[in-house]
Trainee: 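What follows is a single structure, and I will ask about it in a moment.
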Amino acid sequence: MDVMDRIKQQVESAPVVIYMKGSPQFPMCGFSSRAAQALQACGIEFGYVNVLEDPEIFENLPRYANWPTFPQVYVNGELIGGCDITIELFESGELKTMLEEAIKASSN
Amino acid sequence: MTQARIELIKTRLNEVLQATQVEVIDDSHLHEGHASAGGAGHFRVTVVSDQFQDKKMLERHRLVYQALDDIMNTEIHALSIKAYTDAELASAS
């Protein structure tokens, strides 16, 4: 499968998906760690892709998303941002609402 | 090297985004020994530009990344961004 198709399938595989360095349990980068912690603090289930274990994704996700860095957080298949934006949304309380709505919509 | 990188980032943001204020802080020391950085730096930037007007945060960050496109990954490993318009900065302070 073409890598762009593979990414599209991944970002749409769950209502909330994070591409990060390492895993939520063992993050390998401070930015990835903070973004994953914000998702965890919202108390919802989310999928993750460890880009360090998948060089093809690591190389091509920036092009797919027009976003050059990791982590990247996707809600309903759309990029919401990297670490800074995820944390800002978390601190304003918007993130929790946004994620809960995405999960509710997907379970209907 | 740090100072040269800071100046390069400032110049780009001023020129490309017509920024009215740019602050660049080098946080590279936080990532010493971080192998995947390959010698590139870790910076925190605050940019004030009216080009951010009516743009969502995602779009603002994209504009900053695009302004630095050719030095992302070579000079810059990680970038933390705060992006405001003049009006937002005035109302926040």
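Letters A, B, ... are given to chains in the order of the sequence lines, protein chains preceding strands, and every chain is numbered from 1.
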Trainee: At a 4.5 Å cut-off on heavy atoms, which part of B/Met72 comes close to chain A: side chain, backbone, both, or neither?
Mentor: side chain
Trainee: By a 4.5 Å heavy-atom criterion (distance strictly below it), what part of A/Leu79 contacts chain B: side chain, backbone, both, or neither?
Mentor: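 Both backbone and side chain of A/Leu79 come within 4.5 Å of chain B.
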Trainee: Taking 4.0 angstrom as the limit, do B/Glu59 and B/Arg62 come out as a salt bridge?
Mentor: yes
Trainee: Give a yes or no on whether the backbone of A/Met28 and the side-chain of A/Ser32 come within a donor-acceptor separation of less than 3.5 Å.
Mentor: no
Trainee: Could you please spell out the steps behind the side chain to side chain donor-acceptor pair (under 3.5 Å) verdict for A/Asn50 and A/Ser23?
Mentor: CA-CA 6 Å; A/Asn50 178 356; A/Ser23 67; over 6 Å; no
Trainee: Given a strict heavy-atom distance threshold of 4.5 Å, which part of B/Ile76 is in contact with chain A: side chain, backbone, both, or neither?
Mentor: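 No part of it gets close to chain A.
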Trainee: Once you round to the nearest 0.5 Å, how far does OH of A/Tyr64 lie from CZ of A/Arg6?
Mentor: 12.5 Å
